[in-house]
**Q** 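The structure's right below; bear with me while I get my questions together.
What you see is a predicted model, and the numbers here were worked out from it, not measured in a lab. Quick note on labels: first sequence line is chain A, next is B, and so on, each numbered from 1.
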Protein chains: 2
Amino acid sequence: MKLETRKEEIIRVAAKLFKEKGYSAVTMRDLAGEMGIKAASLYNHINSKQDILDTIIISLAEEFTEGMRLIQSSKQNCIGKLKQIIQLHIRISSQNIYGMASLNNDWMHLKEKRSYYKKLRSDYEDDFRGILKDGIVSSEIVDLNPEVMMFSILTTLRSLYIWIPKKEDLNLEELSSALNQILIEGINK
Amino acid sequence: MKLETRKEEIIRVAAKLFKEKGYSAVTMRDLAGEMGIKAASLYNHINSKQDILDTIIISLAEEFTEGMRLIQSSKQNCIGKLKQIIQLHIRISSQNIYGMASLNNDWMHLKEKRSYYKKLRSDYEDDFRGILKDGIVSSEIVDLNPEVMMFSILTTLRSLYIWIPKKEDLNLEELSSALNQILIEGINK
DNA sequence: GTCTATAAGACGATAGAC
DNA sequence: GTCTATCGTCTTATAGAC
């Protein structure tokens with residue numbers, strides 16, 4: 001297991017603070033204090049506050065893009081792909097709880113990388129929508145507005161970072177199984 | 001129809017800016033600029049930036065609390081109450097798209113009112129969970145982890161403010177009907 | 001009700017010593 | 001790699017003229 005560099009430590013601690021207060025409300029002095037050093041010392045490892053946010057968000061967004069690429073290339077039906085998407089979100093979210101908060105809430109503070117991020121997100125949603133539309137055509141899923149279906153499932157998955165740390169007694173296999181049922185079969189008996 | 005006071009206008013415009021950039025990233029100069037006046041002039045109508053946020057968030061949180069109180073006092077089964085909760089979120093969210101963003105993303109920037117807000121939210125979730133648990137006991141809904149069911153439904157409803165303005169061609173009755181089906185019956189055919 | 005001027009401090013970031 | 005000192009700018013908010 002590779003040791004964490006100082007730069008990686010800064011990014012990890014920054015993501016934790018960004019989750020608590022949001023990017024704009026976290027100062028370089030806050031971050032330095034949490035690291036046990038002075039604010040000026042941070043600049044020996046990173047270029048700017050903006051760079052930290054860029055790194056956190058873009059690396060996560062690319063991870064989702066790569067995950068979706070693998071799912072798309074697998075030969076499965078709609079329900080199978082949806083279950084894999086649920087798995088993908090649980091895996092990435094549980095591995096990077098703090099970063100997921102920035103991805104969801106602070107992407108608007110990206111500058112040069114903002115349009116790139118929006119392209120990745122938009123492509124991801126296009127793939128997701130395509131899977132649902134295929135499922136409607138093949139009669140695997142109900143013929144309801146695919147936009148509303150995607151919205152409902154995706155917002156649940158995008159909020160996992162809030163709930164996973166609050167329910168530590170709930171293991172990830174149990175969560176995965178419950179979400180598969182709830183999101184796909186519903187809660188009605 | 002009552003005319004909007006200057007103070008109400010400031011709060012409405014502030015909520016719009018808070019949705020776009022978050023509370024911390026919006027300056028009083030931004031807000032004044034959007035109003036067509038100077039920043040100092042704002043203080044003739046409001047006490048502080050903090051007060052604006054307090055007003056936006058607490059009034060919405062109390063609206064949800066009151067809505068839940070009415071639903072609880074109505075004699076309905078679990079599914080009936082859930083459908084009313086869906087209606088409640090659609091109604092409040094569509095009437096105050098901008099404010100919902102602050103309620104969801106900027107509540108951590110409350111100061112004196114923060115614990116009051118957290119109490120309202122926690123009570124709301126307790127009521128929601130209670131409805132689901134009753135539904136499990138009466139065999140109306142499936143016997144899955146009520147925490148995960150609540151998480152899934154509630155995060156979808158709490159994110160409505162993002163999606164409603166993006167899908168203006170989708171009217172609210174259609175949205176309501178689709179959400180009832182998706183959240184309760186699932187998407188499986 | 002809006003303005004100009006300004007207080008008092010916090011902000012991101014840099015220079016240069018050690 | 002961290003420090004002290006500091007720059008130039010932006011921040012919320014107030015005082016007082018009109």
**Q** Under a plain distance cut-off of 3.5 Å, with no hydrogens placed, do A:Q50 and A:S48 share a side-chain donor-acceptor pair?
**A** no
**Q** Ion pair present between B:R129 and B:E147, side-chain N to carboxylate O less than 4.0 angstrom?
**A** yes
**Q** Between which nucleotides of DNA chain C, read 5' to 3', does contact with chain A run, using atoms under 4.0 Å from its heavy atoms?
**A** C:dC11 to C:dA15
**Q** Considering only heavy atoms, which members of residues 32-60 of chain A lie under 4.0 Å from some atom of DNA chain C?
**A** A:A40, A:Y43, A:S48, A:K49
**Q** Salt bridge check, A:E125 against A:R158: does any charged N sit closer than 4.0 Å to a carboxylate O?
**A** yes
**Q** Going only through I, L, V, M, F, W and Y residues with side-chain contacts under 4.5 Å, is there a path from A:I187 to B:V137?
**A** no
**Q** Let's see if you get this right: which residues in residues 21-31 of chain A place a heavy atom under 4.0 Å from DNA chain C?
**A** A:V26, A:T27, A:M28, A:R29
**Q** Do B:D106 side-chain atoms and B:H109 backbone N/O form a donor-acceptor pair below 3.5 Å?
**A** no
**Q** Please check if the side chain of A:K167 supplies one atom and the backbone of B:V148 the other of a donor-acceptor pair under 3.5 Å.
**A** no
**Q** Is B:D134 paired with B:K81 through a side-chain N to carboxylate O contact shorter than 4.0 Å?
**A** no
**Q** Please work out which of the three classes, parallel, tilted or perpendicular, describes the rings of A:H89 and A:Y124, given edges at 30° and 60°.
**A** perpendicular
**Q** Is the A:W163 ring parallel, tilted or perpendicular to the B:F151 ring (thresholds 30°, 60°)?
**A** tilted
**Q** Is there a donor in the side chain of A:T155 and an acceptor in the side chain of B:T155, or the other way round, less than 3.5 Å apart?
**A** no
